[in-house]
A.B. asks: 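One structure follows; several queries about it will come next.
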Amino acid sequence: MQIKSKCVVNTIVVFFMIFTVVYLKYASTVIKYVQTGIKRNNEIIKFVDNNVEGEATDKHVIETLRRYHLQAPPMRNYNIAHTIPYDPSEGQTKILREIFADKQDGIFVECGAVDGVFLSNSLYLERALHWRGLLIEADEDNYNKLETHNRNAYISNTCISPTNQAKVYVFESATHMKDQYWWVKGTGKIAAGNSSKNYKRKFQVQCFPFYTFMLALNVTVIDYLSLDVEGSELEILKTIPYDTIEIKVISVEWQHFNKEKIKETDLEEFLESKGYHQYLSENIELKPYEKIFIRNGVSLNHLKNR
């Protein structure tokens, strides 16, 4: 009887030892999977903490954005090598300065902010003219660099939803390409259909409707919206309640539109229907893939000062 009991005890001990080893191995794999992602077909899949789904105006969506996905200005000195006169934009900032006659204390939102310096349309406005605002960047590598630059603005490691729903999207980025060109630094977009071979990395990202950001920050007037999200610009613009949010000037990069579904004129016609017209400077030339629109009735301060 004692031998039989001893065998039973030994069997149980062995069982628990095997169970413990398997459990620990499984648990470590799960932790690694969730925290750092896994490699699958040479793509890195990263997952989202504190994700949420719902309508743009849902209280739990707004609170999740405010609590987990918005970082307030750090109130520290800039960690940027360039001096204040430095303007890294491709002409957008000069045109904004022209339209507003170097207005002080404006409000901006820059979607596709990269690291907050590279080709930034808002950096000069913030540093030299004391504008404040919001910088949104979906790619975590770019966002980590953005954090180090101590921009005096709210920052968010999310993306703008192309619908009125907050949800998690798969995002694809080219920032990990080898021998990348200078422009690759800011190349990333919501994955849709067949991806370009240039997009080497995929990961999940929490996206919120534009209006949710405005509700979370209690903002109803924006002087300047910069929209450069590699193809979803028109869809995002269609989600904005223009009767509730006043946006005076909008710049859009349109070259990544799906040319099979969207024409360049679709952008112009839509914004015209919302009370905007394209602004063409007599003195400053933009890149052909950039367009600036101004809300009808916005005072052109530079004309007053002539």
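We count residues from 1, following the sequence as given. Computed from a predicted model, the values in this text were never measured in an experiment.
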A.B. asks: Give a yes or no on whether the backbone of Leu119 and the side-chain of Ser89 come within a donor-acceptor separation of less than 3.5 Å.
C.D. replies: no

A.B. asks: Could you tell me whether Asn50 atom CG has more than 12 heavy atoms of other residues or ligands within 6.0 Å of it?
C.D. replies: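 Enclosed: over 12 neighbouring heavy atoms sit under 6.0 Å from CG of Asn50.
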
A.B. asks: Could you give me the CA-CA distance, side-chain angles and deciding distance for Glu55 and Tyr211, then say whether side-chain hydrogen bond (donor to acceptor under 3.5 Å, both in side chains) is met?
C.D. replies: CA-CA 10 Å; Glu55 296 283 343; Tyr211 189 35; over 6 Å; no

A.B. asks: Determine, stepwise, if the pair Glu147 / Gln71 fulfils side chain to side chain contact (heavy atoms under 4.5 Å, CB included).
C.D. replies: CA-CA 9 Å; Glu147 281 188 302; Gln71 185 172 319; 2.9 Å; yes

A.B. asks: Could you tell me if the side chain of Ile99 sits less than 4.5 Å from the side chain of Ile294, heavy atoms only?
C.D. replies: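 Yes, side chains in contact.
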
A.B. asks: For residues Tyr68 and Phe171: do they belong to one hydrophobic cluster (side chain heavy atoms under 4.5 Å, members Ile, Leu, Val, Met, Phe, Trp, Tyr)?
C.D. replies: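 They do not share one cluster, since no chain of ILVMFWY contacts under 4.5 Å joins Tyr68 to Phe171.
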
A.B. asks: Would a single hydrophobic cluster contain both Phe118 and Ile84, if residues Ile, Leu, Val, Met, Phe, Trp and Tyr are joined by side-chain heavy-atom contacts under 4.5 Å?
C.D. replies: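 The answer is no; the residues belong to distinct hydrophobic clusters.
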
A.B. asks: State, to 0.1 Å, how close Gly106 and Lys103 come at their nearest heavy-atom pair, and which atoms those are.
C.D. replies: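 Heavy-atom minimum between the residues: CA-CE, 4.2 Å.
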
A.B. asks: Under a 4.0 Å threshold between the charged nitrogen and the carboxylate oxygen, would Glu126 count as salt-bridged to Arg151?
C.D. replies: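 A salt bridge links Arg151 with Glu126.
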
A.B. asks: Looking at every non-hydrogen atom in both residues, tell me the closest pair between Val114 and Leu146 and how far apart they are.
C.D. replies: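 That would be O-CB, 3.9 Å.
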
A.B. asks: Check this for me: does any side-chain nitrogen of one of Lys291 and Glu268 sit under 4.0 Å from a carboxylate oxygen of the other?
C.D. replies: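 Answer for the salt bridge query: yes.
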
A.B. asks: Any non-hydrogen side-chain atom of Val205 less than 4.5 Å from a side-chain atom of Glu140?
C.D. replies: no

A.B. asks: Group every Ile, Leu, Val, Met, Phe, Trp and Tyr by side-chain heavy-atom contacts under 4.5 Å, then state whether Phe210 and Phe270 land in the same group.
C.D. replies: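 Same cluster.
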
A.B. asks: Given side chain to side chain contact (heavy atoms under 4.5 Å, CB included), test Ile236 with Glu233 step by step and report yes or no.
C.D. replies: CA-CA 5 Å; Ile236 290 170; Glu233 288 82 358; 5.9 Å; no

A.B. asks: Which heavy atom of Thr158 sits nearest to which heavy atom of Gln206, and what is that distance?
C.D. replies: CB-O, 3.1 Å

A.B. asks: side-chain contact (heavy atoms from CB on, under 4.5 Å) with Leu129: which residues, sequence neighbours excluded?
C.D. replies: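 For Leu129 the side-chain contact (heavy atoms from CB on, under 4.5 Å) partners, ignoring immediate neighbours, are Arg97, Asp102, Gln104, Tyr124, Leu125, Trp131.
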
A.B. asks: Is it possible for you to say whether Leu227 and Val221 belong to one hydrophobic cluster, with membership spreading through side-chain heavy-atom contacts below 4.5 Å?
C.D. replies: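 They do not share one cluster, since no chain of ILVMFWY contacts under 4.5 Å joins Leu227 to Val221.
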
A.B. asks: Is Lys94 close to Asp87 at the side-chain level, that is, under 4.5 Å between some pair of heavy atoms?
C.D. replies: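 They are in contact (side-chain heavy atoms under 4.5 Å apart), so the answer is yes.
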
A.B. asks: Same hydrophobic cluster for Tyr279 and Ile284, using side-chain heavy-atom links shorter than 4.5 Å among ILVMFWY?
C.D. replies: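 Both belong to a single hydrophobic cluster.
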
A.B. asks: What distance separates Lys248 NZ from Asn296 CG, expressed to the nearest 0.5 Å?
C.D. replies: 14.5 Å

A.B. asks: Give the intermediate values and the outcome of side chain to side chain contact (heavy atoms under 4.5 Å, CB included) for residues Val249 and Tyr276.
C.D. replies: CA-CA 9 Å; Val249 178; Tyr276 290 80; over 6 Å; no

A.B. asks: Quick one, Leu123 and Tyr86 - any side-chain contact, counting heavy atoms below 4.5 Å?
C.D. replies: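 Yes, their side chains come closer than 4.5 Å.
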
A.B. asks: Inspect the surroundings of CG in Asn77 and state if more than 12 heavy atoms from other residues, nucleotides or ligands are less than 6.0 Å away.
C.D. replies: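 It does not: Asn77 CG has 12 such atoms or fewer within range.
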
A.B. asks: Take the SG atom of Cys207, take the SG atom of Cys159, and say whether they are under 2.5 Å apart.
C.D. replies: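 Disulfide present: SG-SG distance under 2.5 Å.
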
A.B. asks: So does Glu235 pair up with Lys238, basic N to acidic O under 4.0 Å?
C.D. replies: no

A.B. asks: Counting distance only, does the side-chain N/O of Thr212 pair as donor-acceptor with the main-chain N or O of Phe208 below 3.5 Å?
C.D. replies: no

A.B. asks: Taking the side chain as every heavy atom from C-beta outward, state whether Leu135 and Ser156 have any pair of such atoms under 4.5 Å apart.
C.D. replies: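 A side-chain contact under 4.5 Å is absent here.
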
A.B. asks: Does any non-hydrogen side-chain atom of Asn157 lie less than 4.5 Å from one of His69?
C.D. replies: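 No, side chains not in contact.
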
A.B. asks: Around atom CD of Glu63, are there more than 12 heavy atoms from other residues, nucleotides or ligands closer than 6.0 Å?
C.D. replies: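 Yes, the 6.0 Å shell around CD holds more than 12 heavy atoms from other groups.
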
A.B. asks: Are side-chain heavy atoms of Phe293 and Ser251 found at a separation under 4.5 Å?
C.D. replies: no

A.B. asks: Shortest non-hydrogen contact from Phe203 to Ala138?
C.D. replies: CE1-O, 3.7 Å

A.B. asks: Is it the case that Asn283 and Ser281 place a side-chain donor and acceptor less than 3.5 Å from each other?
C.D. replies: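 Asn283 vs Ser281: no donor-acceptor pair found between side chains.
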
A.B. asks: Report yes or no: do Ser122 and Glu110 form a side-chain donor-acceptor pair below 3.5 Å?
C.D. replies: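 Per modelled atom types, Ser122 and Glu110 side chains form a pair under 3.5 Å.
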
A.B. asks: Looking at CG of Asn164 and OG1 of Thr57, how far apart are the two atoms once the value is rounded to the nearest 0.5 Å?
C.D. replies: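 OG1 of Thr57 is found 8.5 Å from CG of Asn164.
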
A.B. asks: What closest approach, in Å, do Ile160 and Cys111 show between heavy atoms, and which atom pair accounts for it?
C.D. replies: CG1-SG, 3.8 Å

A.B. asks: Quick check: does any side chain N or O of Asp58 sit under 3.5 Å from a backbone N or O of Val61, one acting as donor and the other as acceptor?
C.D. replies: no

A.B. asks: Taking atom CD of Glu246 and atom CD1 of Ile107, what is their separation to the nearest 0.5 Å?
C.D. replies: 10.5 Å

A.B. asks: Identify the two heavy atoms, one from Asn142 and one from Glu137, that lie closest to each other, and give their separation to 0.1 Å.
C.D. replies: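 Heavy-atom minimum between the residues: ND2-OE2, 3.5 Å.
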
A.B. asks: Please step through ring pair (Phe, Tyr, Trp, His ring centres under 6.0 Å) for the pair Phe108 and Tyr224, ending with a clear verdict.
C.D. replies: CA-CA 5 Å; Phe108 66 81; Tyr224 174 45; 7.9 Å; no

A.B. asks: Hey, mind stepping through His60 and Ile62 against side chain to side chain contact (heavy atoms under 4.5 Å, CB included) and telling me if it holds?
C.D. replies: CA-CA 6 Å; His60 74 284; Ile62 298 168; over 6 Å; no

A.B. asks: Rounded to the nearest 0.5 Å, how far apart are CD of Gln204 and CG of Asp49?
C.D. replies: 10.5 Å

A.B. asks: If you look only at pairs with a residue in residues 135-160, which of them pass as a ring-ring contact (aromatic ring centres under 6.0 Å, His included), with sequence neighbours excluded?
C.D. replies: none

A.B. asks: Is it true that a side-chain atom of Ser232 and a backbone atom of Val229 form a donor plus acceptor pair closer than 3.5 Å?
C.D. replies: no

A.B. asks: Do Asn150 and Pro74 come close enough that some side-chain heavy atom pair is under 4.5 Å?
C.D. replies: yes

A.B. asks: Under the criterion side-chain hydrogen bond (donor to acceptor under 3.5 Å, both in side chains), I'd like the reasoning laid out for Gln165 against Glu53: C-alpha separation, chi angles, the key distance, then a yes or no.
C.D. replies: CA-CA 7 Å; Gln165 292 280 330; Glu53 292 191 3; over 6 Å; no

A.B. asks: Can you tell me how far CD1 of Ile95 sits from CD of Glu285, rounded to the nearest 0.5 angstrom?
C.D. replies: 9.5 Å

A.B. asks: Rounded to the nearest 0.5 Å, how far does CG of Leu96 lie from CD1 of Ile292?
C.D. replies: 6.0 Å

A.B. asks: Does Arg132 CZ have over 12 foreign heavy atoms under 6.0 Å away?
C.D. replies: no

